[in-house]
Amino acid sequence: MRRRLYLMRHAEVSYFAPDGTPVDPPRVPLNEEGVAQATAAARALAGVELDRVVTSGLPRTLETAAIVAPGHAAESWPELRELEGGRLSEIPADALRDEFVHAFRGVIPNETRFLRGESIGELFDRVLPALERLVGADDWHTALAVLHGAVNRAILSYALIGERTFLGPFEQGPACVNVLDLGEGDEWIVRAVNVAPYDLLHLSHRQTTMERYWDLYRAGNE
């Protein structure tokens with residue numbers, strides 16, 4: 001029987017203060033909306049028997065996991081942390097919007113740097129060995145991994161194509177759930193992508209996550 005990986009993105013956080021000032025990403029907690037989203041995901045996964053719960057160890061993933069899978073000891077895998085951007089203040093003003101909003105547009109080359117920080121190739125360098133380590137463990141049949149938007153894109157892209165190709169259009173909403181099965185020969189089957197238990201048909205908006213964050217940043221800097 002195939003093993004199953006429920007691959008989640010952490011629930012909503014506030015990356016920008018009301019005045020548009022960026023909040024330190026490694027420390028940002030869930031906001032009120034994020035708690036509600038994670039609670040909806042918990043209801044969707046109620047009754048699922050999990051053998052392992054993996055997070056990046058960042059507060060927003062640990063908090064989400066604590067709500068979604070209470071009673072499980074969440075593991076912290078730092079190599080699964082989010083793709084790290086550079087300083088927004090160091091990006092020229094006339095290029096900032098395009099680099100921000102279109103950060104995950106199309107098939108992104110490995111040498112491309114996210115907001116002039118970490119490259120896609122560097123992301124694969126740390127995420128794929130961690131994924132292989134999880135796959136190689138024989139102590140789980142059903143696992144939950146609460147990670148991040150870019151990390152999930154890397155995993156989904158690899159599961160779908162089998163190589164280091166980063167498919168940016170795999171949108172990852174807050175607290176979304178992706179369903180991946182793993183069969184013989186480590187063959188991945190992608191069953192569901194970006195399922196938002198609190199908004200199954202994504203009726204609330206048609207923006208990408210990066211577009212929404214750009215609006216928040218711009219509102220505080222006008």
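All residue numbers in this chain count up from 1 along the given sequence.
Here salt bridge (charged side-chain N to carboxylate O under 4.0 Å, His left out) pairs that include residues 100-123, with residues two or more places apart or in two chains, are E99-R116, R113-E122, E118-R126. For residues 15-39, the ring-ring contact (aromatic ring centres under 6.0 Å, His included) pairs, not counting sequence neighbours, are Y15-Y213, F16-Y217. Among residue pairs with one or both ends in residues 115-148, those qualifying as ring-ring contact (aromatic ring centres under 6.0 Å, His included) are H10-H148; sequence neighbours excluded.
L180 and V48 sit in two unconnected hydrophobic clusters of ILVMFWY residues. Membership requires side-chain heavy atoms under 4.5 Å apart, directly or through other members. Under the 4.5 Å side-chain heavy-atom criterion for Ile, Leu, Val, Met, Phe, Trp and Tyr, L30 and V146 are members of distinct hydrophobic clusters.
A donor atom on one side chain and an acceptor atom on the other are found under 3.5 Å apart for N31 and S14. A side-chain donor from one of D215 and Q207 sits under 3.5 Å from a side-chain acceptor of the other.
Counting non-hydrogen atoms of neighbouring residues, nucleotides and ligands closer than 6.0 angstrom, the CD atom of E163 exceeds 12 such neighbours.
Take E211 and apply the salt bridge (charged side-chain N to carboxylate O under 4.0 Å, His left out) test, not counting sequence neighbours, and it matches no residue. Legend: residues meeting side-chain contact (heavy atoms from CB on, under 4.5 Å) with T21, ordered by chain and number and at least two apart, are A17, D19. For E79, the salt bridge (charged side-chain N to carboxylate O under 4.0 Å, His left out) criterion is met by R133, not counting sequence neighbours. Residues forming a ring-ring contact (aromatic ring centres under 6.0 Å, His included) with Y198 (at least two apart in sequence, or on another chain): none. In this view, E82 satisfies the salt bridge (charged side-chain N to carboxylate O under 4.0 Å, His left out) rule with no residue, not counting sequence neighbours. D24 meets the salt bridge (charged side-chain N to carboxylate O under 4.0 Å, His left out) test with R27; sequence neighbours excluded. Not counting sequence neighbours, the partners of F100 by the ring-ring contact (aromatic ring centres under 6.0 Å, His included) test are W214.
Heavy-atom minimum distance, P169 versus G106: CD-O, 3.4 Å. For L58 against P26, the heavy-atom pair with the smallest separation is CD2-O, 3.7 Å.
Between E49 and R4, none of the side-chain N atoms (NZ, or NE/NH1/NH2) sits under 4.0 Å from a carboxylate O, so this pair counts as no salt bridge. Ion pairing of R153 with E171 is present here, as a side-chain N (NZ or NE/NH1/NH2) and a carboxylate O approach within less than 4.0 Å. Ion pairing between R191 and D181 holds under the 4.0 Å rule for side-chain N and carboxylate O.
Side chains of L134 and L5 form a contact here, defined as non-hydrogen atoms less than 4.5 Å apart.
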For a quick test of your reading: what N or O donor-acceptor pairs under 3.5 Å do the side chains of residues 66-74 make, sequence neighbours left out?
none

Show me the donor-acceptor pairs, under 3.5 Å and distance only, between side chains in residues 183-190 and residues at least two apart or in other chains.
none

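Note that the CD1 atom of I120 and the CG atom of N110 stand 7.5 Å from one another [nearest 0.5 Å]. Rounding to the nearest 0.5 angstrom, the gap separating the CG atom in L62 from the OG1 atom in T55 is 4.0 Å. Distance check, rounded to the nearest 0.5 Å: OH of Y158 to CG of L131 gives 7.5 Å.
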For this session: May I have the step-by-step check of side-chain contact (heavy atoms from CB on, under 4.5 Å) for L80 and V127, ending in yes or no?
Result: CA-CA 6 Å; L80 295 174; V127 169; 4.1 Å; yes

Open item on the list: Quick one, N152 with Q172, criterion side chain to side chain donor-acceptor pair (under 3.5 Å). Give me CA distance, side-chain angles, the key distance, then yes/no.
Closed with: CA-CA 8 Å; N152 289 1; Q172 293 288 280; 3.0 Å; yes

